[in-house]
Amino acid sequence: MSNQSGRTKRIYTSKKRSANERRRGISILLVEDNPVNQMVALRLLEKQKHRVLVAGNGREALLALEKTSFQGFDLVLMDVQMPEMDGLEATAAIREKERGTGRRIPIVAMTAHAMKGDKERCLAAGMDTYLSKPIRAQDLFEVIENLAGVTADRLEDASPAPPPMEKVLDKNFILSMFEGDAELIQEIVGLFLAECPRQMSAVREAVERSDAPAVHRAAHSLKGSLSNFAAPGAFQAAQRLEVLGHEGDLSQVGEAFQLLEQQISLLQSAMVEFKKVGVM
Ligand code: MN
């Protein structure tokens, strides 16, 4: 568990709004356990003047909704895989509580597509739509516009093309993902560098214990952080371990973990350099 995921925080960003800005700055409940993903979504939403409460798992999200009698938020952004209570369970519980009230809060799944049928499961659980991780500014704002009727300040022209495989870290891709916001990129890279050793030890320990479910969980969590950067080598290495852990096939995890260590070390060096030089 991270420091951030255990608590909730409330950030108010809106001041008085004029009539034609009425639909600007809605109240969003962000449910996500991964601290890097939390920060990415939080900062992107804040840039659009939304008010955001962060919950670290489904249980925290339910508590936050109950506290406001299910009337405190305009929209829920819901991660799927989380400890304690996952996004599917939480959504089912929310829909159950809403039954007979005439209310139905829009819930947007944020899926990593680790498992086949993820999207279908999200919709079946009562979510309205889904976003693929990594969350891109443009997709996020489009979904909010469709579900809550708020228009974003500024949209990118197009989603960036994925980086070529041989790249350790694609700076241009990262810039376009975060709309050229150098300060935000520095903050997120810094958080990743701080979080990465802890996430790597979790994977290492699981591999050493030959604990397949733990390999799956730890690699999934690391992959989630990595997905915010254009770092295909490290991402794929983490994804390979995630799949091996999920399938319970531990014959190749040693080798897969070595590859992950190599890729992470390359990425860390590239990021340290990236931070030093800056992105502009
Ligand atoms: Mn998660």
Side-chain angles (χ1 to χ4, degrees), residues 1-9 28-45 52-65 75-94 107-123 125-127 129-136 139-140 143 177 188 191-192 194-196 198-203 206 211-229 231 234-246 260:
M1 285 289 278
S2 70
N3 308 330
Q4 281 205 338
S5 61
R7 63 189 151 92
T8 56
K9 58 186 165 187
I28 295 176
L29 178 59
L30 169 64
V31 195
E32 166 67 64
D33 63 309
N34 182 303
V36 179
N37 294 347
Q38 273 181 7
M39 186 180 284
V40 170
L42 176 64
R43 292 287 182 265
L44 291 176
L45 294 168
V52 184
L53 180 76
V54 180
N57 60 53
R59 198 174 308 284
E60 286 183 14
L62 266 180
L63 282 173
L65 287 164
L75 185 92
V76 179
L77 286 170
M78 183 79 82
D79 181 27
V80 176
Q81 226 166 309
M82 292 181 288
E84 290 186 55
M85 183 188 280
D86 69 24
L88 300 176
E89 262 182 277
T91 300
I94 291 167
I107 302 178
V108 180
M110 300 184 288
T111 72
H113 297 304
M115 308 306 146
K116 233 181 142 196
D118 241 11
K119 289 178 181 177
E120 290 73 15
R121 271 194 292 275
C122 289
L123 299 180
M127 301 199 197
T129 187
Y130 44 80
L131 282 167
S132 295
K133 286 183 177 180
I135 302 299
R136 293 181 191 173
D139 299 340
L140 177 63
V143 158
M177 266 185 76
I188 288 164
L191 179 60
F192 175 80
E195 279 285 317
C196 188
R198 188 187 58 78
Q199 292 196 304
M200 278 300 281
S201 339
V203 181
D211 181 342
V215 169
H216 169 67
R217 274 195 307 275
H220 174 81
S221 170
L222 177 63
K223 191 193 78 172
S225 299
L226 287 167
S227 71
N228 296 295
F229 307 99
F235 179 86
Q236 297 227 341
Q239 190 168 44
R240 168 116 179 93
L241 275 163
E242 180 189 18
V243 170
L244 291 174
H246 182 63
L260 177 66

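Just follow the structure's listing: the first ligand is 1, and inside any ligand the first atom is 1. The model shown is predicted, which means the values in this text are computed figures rather than measured ones.
A donor-acceptor pair is defined here as one N or O able to donate and one able to accept, closer than 3.5 Å; no such pair exists between the side chain of N57 and the backbone of M82. Between the side chain of T91 and the backbone N or O of G87 there is at least one donor-acceptor pair closer than 3.5 Å. Listed for the Q38 side chain is a donor-acceptor partner under 3.5 Å among the backbone atoms of E32.
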Query raised in the report: What do the steps show when you test Q199 against S225 for side chain to side chain donor-acceptor pair (under 3.5 Å), and what is the final call?
Result: CA-CA 9 Å; Q199 292 196 304; S225 299; 3.0 Å; yes
Requested in this report: Could you give me the CA-CA distance, side-chain angles and deciding distance for M85 and V31, then say whether side-chain contact (heavy atoms from CB on, under 4.5 Å) is met?
Outcome: CA-CA 11 Å; M85 183 188 280; V31 195; over 6 Å; no
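Protein N/O/S atoms closer than 2.8 Å to the Mn ion (ligand 1): D33 OD1, D79 OD2, Q81 O.
Listed by chain and number, the residues in a ring-ring contact (aromatic ring centres under 6.0 Å, His included) with Y130 amount to none (sequence neighbours excluded).
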